[in-house]
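Counting convention: from 1, in listed order, for ligands and their atoms alike. Index from 1, following the sequence.
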Amino acid sequence: MTTKRVYNFSAGPSTLPVSVLESIASKMLNYNDSGMSVMEMSHRSSSYLEIFNETKTMLKKVMNIPDNYQILFIQGGATQQFSTIPLNLMKNGKADYIVTGAFSKKSAQEAKKFGDVHIVYDGSERNFKHIPTQDELDLREDTSYVHLCSNNTIYGTEWKYVPDTHGVPIVADMSSNILSKPIQVSDYGMIYAGAQKNMGIAGLGVVIVREDLIQDHQDKIPVLMEYDTIAKNDSMYNTPPTFSIYVLGEVLKWIDDLGGLEVMQKINEEKAKLLYDYLDQSDFYQTHSNPDNRSIMNVTFTCPNKDLDALFVKESVKAGMTNLKGHRSVGGIRASIYNAMEKEGVEALVAFMKKFEEENG
Ligand SMILES: *Cc1c(COP(=O)(O)O)cnc(C)c1O
């Protein structure tokens, strides 16, 4: 079989580790002597329950999740949580939202349907180049939770600290940087992510939530949006996204085999440094985000003009790289260098950038 692969810099769904793909492929027709693929298994079968429980155990191990947190596997991705969070966690009808990009803006807009939403900080005037410092946060004390997005996938900015919210639980959308570095789960009331960036494939949303926060919620909400019901049924109130959960388990084993999140962070920082170091010494390319809050997952930059941006994208395809076009709201180039992007891919990109600059600078 010829396996000609490209370096895929997609923001999501995104590249997966080759060893994970190979392992899945090798078991596609007959998973561990079950005589069937994981896709064909009953979610209640012993073969599948083994996969399910192992995935949960691995997530708990890799992220060092304390016992008083529930791990929920939910269909509907991160966006569904934008609605589910206020329905479950807005206990007193109030919530605070920190708007640092497109997804946090969407989540705040959705929450406004359900209660009194206070925007703690709005980065839109600075075109989301900046993450607020503690001093810039206008937090309320009598609010149910503070929502933030830990990594802004479109703009390429990332929180480098956990804000002090005076004991109010923080709810964090970590879709694009979960599993990229160690975090202290107990700093958060809830963490959630769509799986298709660093965790695996689309179809799965992962919620890690402190038990005491989900014990009550508004009376009449759709049953599949009740965190307590999902928790009581161990994510099997209905059929969970079985294959996506299996892929997550394989990705977690790959991270664990590499040495866990500390090693993952070191590799990610090395990869990001290759790009940012090159960008910083170049007069040709401009980075979008401010240097102190640059994302190590999504690197955003522009060429001197839009025609060159377009040419860059076109030529990069010929050089074996795809999905480098920036999001339409930022323009330019975006290289998403999630966990599974090999260092060789980033080196190839830097070499291409250098050549492109020489030819067009
Ligand atoms: C991709 C992304 C989302 C949207 O995720 P879906 O699974 O498509 O709903 C939300 N937030 C962030 C930070 C993202 O990167």
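Applying the 4.0 Å criterion to heavy atoms of Gln196 picks out, from ligand 1, the atoms 5 (O), 6 (P), 7 (O), 8 (O). Of all atoms in ligand 1, listed by their number and element, those nearer than 4.0 Å to a heavy atom of Gly77 are 7 (O), 9 (O).
Among all non-hydrogen protein atoms, the one lying nearest atom 5 (O) of ligand 1 is Ala78 CB, 3.5 Å. Nearest protein heavy-atom contact of atom 9 (O) of ligand 1 is Thr79 OG1, 2.5 Å. In terms of protein heavy atoms, atom 15 (O) of ligand 1 is closest to Thr153 OG1, 2.5 Å. With respect to atom 3 (C) of ligand 1, the closest heavy atom belonging to the protein is Phe103 CE2, 3.4 Å.
By the criterion of side-chain heavy atoms lying less than 4.5 angstrom apart, applied directly or through intervening Ile, Leu, Val, Met, Phe, Trp or Tyr residues, Tyr48 is grouped together with Phe73 in one hydrophobic cluster.
Using a 4.0 Å cut-off between charged side-chain N and carboxylate O, Lys325 and Asp309 make no salt bridge. Salt-bridge annotation for Glu269 and Lys273: absent, with no side-chain N of the basic residue lying under 4.0 Å from a carboxylate O of the acidic one.
Looking at Lys197 against ligand 1, only its side chain comes within 4.0 Å, counting heavy atoms. Residue-level proximity to ligand 1 for Ala202 is absent, since no heavy atom of it falls below 4.0 angstrom.
In the displayed structure, Lys160 atom NZ is contacted under 6.0 Å by more than 12 heavy atoms of other residues, nucleotides or ligands.
At a 3.5 angstrom cut-off on N or O pairs, Asp173 counts as close to ligand 1.
For residues 187-197, the side chain to side chain donor-acceptor pair (under 3.5 Å) pairs, not counting sequence neighbours, are His147-Tyr192.
Aromatic ring centres of Phe352 and Phe312 lie closer together than 6.0 Å.
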Please tabulate, for side-chain N and O atoms in residues 99-108, each donor-acceptor pair with protein atoms closer than 3.5 Å (sequence neighbours left out).
residue : atom : partner : partner atom : Å
Thr100  : OG1  : Asn152  : OD1          : 3.0
Thr100  : OG1  : Asn152  : ND2          : 3.2
Ser104  : OG   : Thr100  : N            : 2.9
Ser104  : OG   : Gly101  : N            : 3.1
Ser104  : OG   : Gly101  : O            : 3.2
Ser107  : OG   : Phe103  : O            : 3.3
Ser107  : OG   : Ser104  : O            : 2.8

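Contact analysis puts Cys149 in contact with ligand 1, with a non-hydrogen atom separation below 4.0 angstrom.
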